[in-house]
**Student:** 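Let me give you the structure first, and then I'll get to my questions.
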Amino acid sequence: MNQKIQDAFNAHLNAEMYSSYFYLSMSAYLESGNLKGMANWMRIQAQEEMTHVMKFYDFIHDRDGQVILTAIEGPKTEWNSPLEIFEEALAHERLVSGLINDLVDLAMAEKDHMAVTFLQWFVTEQVEEEANVKEIVDKMKMVGDNGVARFMLDGELSQRAPVPAEPTV
Ligand code: FEO
């Protein structure tokens, strides 16, 4: 892979690392408020982001490139409501979708077809990432201040299962 692609992929690896840190911070905040189902959803999202990090990590190495790990920005730690948290998560996923689109544009401009093909998984994944968070935001808006409904939604989000472990060779 050429230097431009390597630099952009390393920058994106950092962005996915930040995503994981951001979701874990949201999880910690929700956990403190005893919203354990929402905290569970965010904790698993943080794990899922680490699987995205490792896809970039492996791809850079597979292409004989060099992974450069850089400082991760500190995430926000305080919010006003669970709705605000999930709305920020949705805004974040939309931002990440934009970053992935930019990477595809770059890979196409550099005629790096291996990178273009690799990125297709992320293009598809971002559709799901945005849709999943949007669904929760919409449900939260429906629930509003209804404590019982919020309790039930928290229970629903507690059902999200952990990301399966990477198969060992
Ligand atoms: Fe790795 Fe949620 O995008």
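For the numbers below, each heavy atom of this structure counts, side chains included, while hydrogens, waters and symmetry mates do not. In listed order, ligands and their atoms are each counted from 1.
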**Student:** Specify which N/O/S atom of H52 comes nearest to atom 1 (Fe) of ligand 1, by atom name.
**Tutor:** ND1
**Student:** So, 2.8 Å as the limit: is an N/O/S atom of E93 located closer than that to atom 2 (Fe) of ligand 1?
**Tutor:** yes
**Student:** Would F59 and W121 count as a close aromatic pair, with their ring centres under 6.0 Å?
**Tutor:** no
**Student:** Look at E129 and state whether any of its N, O or S atoms is less than 2.8 Å from atom 2 (Fe) of ligand 1.
**Tutor:** yes
**Student:** For a quick check under 3.5 Å, do E16 and H12 share a side-chain donor-acceptor pair by atom type?
**Tutor:** yes
**Student:** Can you tell me, to 10 degrees, how wide the angle at atom 1 (Fe) of ligand 1 is between OE1 on E49 and OE1 on E16?
**Tutor:** 80°
**Student:** Any donor and acceptor pair, going by atom type alone, linking the side chain of S25 with main-chain N or O of K76 inside 3.5 Å?
**Tutor:** yes
**Student:** Hey, is the main chain of Q66 close enough, under 3.5 Å, to the side chain of N10 for a donor-acceptor pair?
**Tutor:** yes
